[in-house]
Amino acid sequence: MGQDEHVDLPVMPPVEPMLAKAAATLPDEPGMWSYEPKWDGFRALVFRDGDDVVVQSRNGKELGRYFPELLDALRSETAPRCVIDGEVVVPREVDGRVRLDWDSLSQRIHPAESRIRLLAEQTPAHFIGFDALAVGTTSLMNEPFSRRRVALSESICGGLPLRERRCHSTGTSDDPVLGAHWLTTFEGAGLDGVIAKRLDGHYLPGKRDMVKMKHKRDADCVAIGYRVHKSGQGVGSILLGLYREGGDLQMVGGAASFTAKDRLALLSELEPLRKDDDLVYDGEPSRWNSAADKRWVPIRPERVAEVAYDQMEGARFRHTVRFVRWRPDRDPQSCTFAQLDVPLSYDLYDVLESR
């Protein structure tokens, strides 16, 4: 892992991060749970031993080379010897408010060092800690989360004014009502849910011992095209669009994860709607898989699909959405951005100040 051979800590890398299982509602047993915002970034475990810092990704890879400015911040704003679980995020000002920007964050994973240095200046990353695995010479893995939560706040230095820091400890609460309230109010700052942790729980690497509740919504979108499945058989994904006020149809994402039977059925439904038998668009290359075939077939905007989604990132769905059903009762022209649930405008620093 690069520089981990220089680190000498009571908890050594690599460590599998503790995970969360999805739930429709937050647990609300009094005195049993701690609640915190679910940060939308790259999961990262920070191992600091003096000037030696390792930033480990969820799958055990070294992230530090992509965030040199964050390594400097961790050296100056965390305890000299500590292991902290958290999230690497990139905040940006949007419409006068600071919110998390997933696109800017994902662009930081780049092979060219010159590009990394440029982006480190243009879109500097922050680290938000939400658990402490070790402090000094002591492992906290078998301590209750209530104890680790105190250690976390002591491990991230708060000497600088909030807006000048690059390292933060997440806000938490033992109040389930407040936790549920955060689910809606904090989305406008770019967060995508709420996490619940057992106050008496130990840190269990790789185990889904936390609970997460994310946003669940639906929308009616126009089917504007499709990609052929990588097997060459049937539809791999349906590309979706929504109409803007001026009448322009904008792509907003795609629905995927169909069974083999459904892929073939969808092809028989959508192929007759092709705008031209020979017309195929190249599409944008994948940031994560350069070998992925992003070509797609445009179709006439005549079919409406109801889809389930969790969050928007600008004018696009944040994740691949789930196809629910066709809506033959809907006029494609009625599928506009106006139907989408608009999150409350919230500033990221309001979230970080919450306790």
Asks: Identify, with sequence neighbours excluded, every residue that meets side-chain contact (heavy atoms from CB on, under 4.5 Å) alongside Gln122.
Replies: Leu118, Leu119

Asks: With ILVMFWY side chains joined below 4.5 Å, transitively, what does Val94's cluster contain besides itself?
Replies: none

Asks: For Arg318, enumerate each residue passing the salt bridge (Lys or Arg N to Asp or Glu O under 4.0 Å) test, keeping only those at least two apart in sequence or located in another chain.
Replies: Asp40

Asks: Sequence neighbours left out, what passes salt bridge (Lys or Arg N to Asp or Glu O under 4.0 Å) with Arg148? Give chain and number order.
Replies: Asp131

Asks: Verify the distance criterion only: is there a donor paired with an acceptor across the side chains of Asp85 and Tyr203 at less than 3.5 Å?
Replies: yes

Asks: Answer yes or no: is there a donor N or O on one side and an acceptor on the other, between the side chain of Arg217 and the main chain of Ala219, under 3.5 Å?
Replies: no

Asks: Got Arg325 and Arg327 here, is their nearest side-chain heavy-atom distance under 4.5 Å?
Replies: yes

Asks: Within the structure provided, determine whether Val11 and Met141 are in side-chain contact (heavy-atom separation under 4.5 Å).
Replies: yes

Asks: Which atoms form the tightest heavy-atom contact between Gly225 and Ile299, and what is the distance?
Replies: N-CG1, 3.5 Å

Asks: Report yes if some heavy atom in the side chain of Ser146 is under 4.5 Å from a heavy atom in the side chain of Leu199; otherwise report no.
Replies: yes

Asks: Any side-chain heavy atom of Pro176 sitting closer than 4.5 Å to one from Tyr35?
Replies: yes

Asks: Taking side chain as C-beta onward, heavy atoms only, is His229 less than 4.5 Å from Val235?
Replies: no

Asks: Assess whether ring pair (Phe, Tyr, Trp, His ring centres under 6.0 Å) is satisfied between Phe186 and Trp39, documenting all intermediate values.
Replies: CA-CA 10 Å; Phe186 285 170; Trp39 300 94; 8.0 Å; no

Asks: Quick check: closest heavy atoms across Ser106 and Asp103, and the distance to 0.1 Å?
Replies: OG-O, 3.0 Å

Asks: Would the number of heavy atoms belonging to other residues, nucleotides or ligands and lying under 6.0 Å from NZ of Lys212 be above 12?
Replies: yes

Asks: For Ala265, what residues pass the side-chain contact (heavy atoms from CB on, under 4.5 Å) criterion, not counting sequence neighbours?
Replies: none

Asks: Could you state the interatomic distance from CZ (Phe130) to CD1 (Ile195), rounded to the nearest 0.5 Å?
Replies: 7.5 Å

Asks: What salt bridge (charged side-chain N to carboxylate O under 4.0 Å, His left out) pairs are there with at least one residue in residues 249-274, not counting sequence neighbours?
Replies: Glu269-Arg303

Asks: Would you mind listing every salt bridge (charged side-chain N to carboxylate O under 4.0 Å, His left out) that reaches into residues 241-256, with sequence neighbours excluded?
Replies: none

Asks: Taking only residues at least two apart or on different chains, which pairs with a member in residues 172-182 satisfy salt bridge (charged side-chain N to carboxylate O under 4.0 Å, His left out)?
Replies: Arg149-Asp174

Asks: Among Val46, Ile128, Leu70, exactly one meets side-chain contact (heavy atoms from CB on, under 4.5 Å) together with Val88. Which residue is that?
Replies: Leu70

Asks: Parallel under 30°, tilted from 30 to 60°, perpendicular over 60°: which one fits the rings of Tyr349 and His126?
Replies: perpendicular

Asks: Can you spot which of Arg99, Arg163, Arg97 makes a salt bridge (Lys or Arg N to Asp or Glu O under 4.0 Å) with Asp347?
Replies: Arg163

Asks: What is the minimum heavy-atom distance between Glu69 and Ala120, and which atoms define it?
Replies: OE1-CB, 3.4 Å

Asks: Minimum heavy-atom separation for Phe127 and Ala44, please, with both atom names.
Replies: CE1-O, 3.9 Å

Asks: For Ala134 and Ser139, which heavy atoms make the closest approach, and how far apart are they?
Replies: CB-CA, 4.2 Å

Asks: Among residues at least two apart in sequence or on other chains, which ones pass side-chain contact (heavy atoms from CB on, under 4.5 Å) with Val324?
Replies: Glu306, Ala308, Arg322

Asks: Considering residues at least two apart in sequence or located in another chain, which fulfil the salt bridge (Lys or Arg N to Asp or Glu O under 4.0 Å) criterion with Asp28?
Replies: none

Asks: Tell me every residue that passes ring-ring contact (aromatic ring centres under 6.0 Å, His included) with Phe323, counting only those two or more places apart in sequence or in another chain.
Replies: Trp326

Asks: When you compare the side chain of Asp218 with that of Val307, does any pair of heavy atoms fall below 4.5 Å?
Replies: no

Asks: For Tyr243, check ring-ring contact (aromatic ring centres under 6.0 Å, His included) against everything at least two apart and list the hits.
Replies: none

Asks: Is the closest side-chain heavy-atom distance between Leu183 and Leu26 below 4.5 Å?
Replies: no

Asks: Do the non-hydrogen side-chain atoms of Thr123 and Gln107 ever get within less than 4.5 Å of each other?
Replies: no

Asks: Would you find a donor on one side and an acceptor on the other, under 3.5 Å apart, between the side chain of Arg75 and the backbone of Asp51?
Replies: yes

